[in-house]
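A short write-up of the structure that comes next.
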2 protein chains.
Amino acid sequence: MKYYSIGEASAKFNIPESTIRYYEKKGLLPLIERDEAGRRLFSEDQITLLEIVIYLKNTHMPISGIKQYVDWVVEGDNTTERRLEMMKNHKQAVLAEISLMTESLKKIDVKITRYTKRIQDRKEQK
Amino acid sequence: MKYYSIGEASAKFNIPESTIRYYEKKGLLPLIERDEAGRRLFSEDQITLLEIVIYLKNTHMPISGIKQYVDWVVEGDNTTERRLEMMKNHKQAVLAEISLMTESLKKIDVKITRYTKRIQDRKEQK
DNA sequence: TGTTGACTTAAACCATAGTTTAAGTCGTAT
DNA sequence: ATACGACTTAAACTATGGTTTAAGTCAACA
């Protein structure tokens with residue numbers, strides 16, 4: 001079974017080591033083993049969990065929410081319903097945010113069109 | 001020409017008055033007039049600018065970026081090219097962010113499917 | 001043997017984006 | 001007259017999500 005150092009985990013996901021340490025301190029990465037020298041050893045499972053943490057972070061779940069999720073994962077199978085509920089709710093929140101961004105982007109596109117025209121008009125004026 | 005009070009602007013966009021005051025202090029809402037009592041009076045144009053500020057905020061442009069944009073608007077027509085450039089760049093950033101969220105959401109959907117199956121299986125087990 | 005390079009810690013520090021507080025001024029409705 | 005609601009300010013405060021610093025350990029390579 002392969003173990004990853006913090007440097008390897010950092011490189012794999014392209015996030016700073018300091019962020020990984022911060023996540024561990026916040027409880028998002030529980031039960032990390034250490035070697036004799038006290039260095040973190042990430043199992044495949046923990047790398048997978050880190051990946052999930054990153055997906056949740058990418059979709060703007062707050063640290064406190066990710067922590068709750070991870071706590072439920074550690075607690076085991078009897079939290080499946082709660083995790084399902086949470087992920088469904090989160091999905092709706094993410095879809096709402098994407099909608100808001102997409103709608104706002106339309107207005108930005110209006111600006112792009114207007115500025116482009118203005119610049120064109122000025123060129124033709126010359 | 002209609003003027004809006006801060007309360008009306010707040011209600012129109014459903015954002016706290018304190019946020020509007022904060023935006024003004026940060027330079028996102030320049031040239032706001034005042035009545036004799038010192039109360040803010042928002043013109044139609046300024047309401048429109050506030051709307052743009054909100055769209056940019058909805059798409060996660062930092063305050064400093066919005067400030068730059070507003071400064072260019074105030075500076076006038078000779079900043080059209082710079083504003084166009086900025087909006088184009090911002091659009092690309094927003095599209096990238098939406099992509100990242102959409103991709104991450106797929107992984108969350110995998111979780112939803114897995115948890116749903118697990119719960120179904122347990123029901124059938126009974 | 002000594003000096004890199006990869007790691008460790010706790011604690012301080014930082015940026016961002018507001019929110020809250022406290023004390024005060026108006027205009028109007030009772 | 002007064003009390004209420006809508007507004008004003010500066011400054012302090014908060015939350016969030018890290019990043020940086022300083023001092024140290026350890027293994028391997030020259």
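Note on naming: letters A, B, ... go to the chains in the order of the sequence lines (proteins, then strands), and numbering restarts at 1 for each one. Values below: every heavy atom of this structure, side chains too, minus hydrogens, waters and symmetry copies.
Straight-line distance from the OH atom of A:Tyr22 to the C1' atom of C:dA12: 15 Å, rounded to whole Å. The separation between B:Ile15 atom CD1 and C:dT19 atom C1' is 14 Å, rounded to whole Å. To the nearest angstrom, C1' of D:dA6 lies 14 Å from CD1 of B:Ile20. Spacing between atom CG of A:Asp35 and atom C1' of C:dA6 amounts to 11 Å, rounded to whole angstrom units. To the nearest angstrom, P of C:dC7 lies 10 Å from CZ of A:Phe42. One interatomic measurement links the two molecules: OH of A:Tyr3 to P of C:dC7, which rounds to 17 Å at whole-angstrom precision. Per the geometry, CD belonging to A:Glu17 stands 7 Å off P belonging to C:dT8, to the nearest Å.
The closest donor-acceptor contact from the side chain of B:Gln46 to the backbone of B:Tyr4 lies at 3.5 Å or more, if one exists at all. The closest donor-acceptor contact from the side chain of B:Ser10 to the backbone of B:Ile6 lies at 3.5 Å or more, if one exists at all. Between the side chain of B:Gln92 and the backbone N or O of B:Asn89 there is no donor-acceptor pair closer than 3.5 Å.
Salt bridge annotation for A:Asp71-A:Lys67: present, with a cationic side-chain nitrogen under 4.0 angstrom from a carboxylate oxygen. Taking the charged nitrogens against the carboxylate oxygens, A:Glu8 and A:Lys12 have no contact shorter than 4.0 Å, which rules out a salt bridge. The existence of a salt bridge linking B:Lys106 and B:Glu103 is confirmed by a sub-4.0 Å separation between a basic side-chain nitrogen and an acidic carboxylate oxygen.
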Q.
One character per nucleotide, please: for nucleotides 20-28 of chain C, 5' to 3', B when the base has a protein heavy atom closer than 4.0 Å, S when only the sugar-phosphate does, - otherwise.
A. B------S-
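Here the side chains of A:Arg34 and A:Arg39 are not in contact, with every heavy-atom distance at 4.5 Å or above.
Phosphate contact (OP1/OP2 of C:dG18, side-chain N/O of B:Tyr23, threshold under 4.0 Å): present. For the OP1/OP2 pair of D:dG17 and a distance below 4.0 Å, the side-chain nitrogens and oxygens of A:Thr19 include no atom meeting the criterion. The phosphate of D:dC7 (OP1 or OP2) has a side-chain N or O of B:Ser5 nearer than 4.0 angstrom.
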Every protein N/O within reach of nucleotides 9-11 of chain C N/O, cut-off under 3.5 Å:
unit_1 : atom_1 : unit_2  : atom_2 : d
C:dT9  : OP1    : A:Arg34 : NH1    : 3.1
C:dT9  : OP1    : A:Arg34 : NH2    : 3.4
C:dT9  : OP2    : A:Arg40 : NH1    : 3.1
C:dT9  : OP2    : A:Arg40 : NH2    : 2.7

Q) Would B:Met86 and B:Trp72 satisfy side chain to side chain contact (heavy atoms under 4.5 Å, CB included), going step by step from the backbone distance to the final call? A) CA-CA 11 Å; B:Met86 182 186 214; B:Trp72 280 335; 3.9 Å; yes
Q) How far apart are the C-alpha atoms of A:Leu84 and B:Ile112, what are their side-chain angles, what is the distance that settles it, and do they pass the side chain to side chain contact (heavy atoms under 4.5 Å, CB included) test? A) CA-CA 6 Å; A:Leu84 176 57; B:Ile112 290 176; 3.9 Å; yes
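Heavy atoms from other residues, nucleotides or ligands lying under 6.0 Å from CD of A:Gln125 number 12 at most. Taking a 6.0 Å sphere around CG of A:Asp35, one finds it holds more than 12 heavy atoms contributed by other residues, nucleotides or ligands.
If you check residues 43-73 of chain B against DNA chain C, the residues with a heavy atom closer than 4.0 Å are B:Lys57, B:Pro62, B:Ile63, listed by number.
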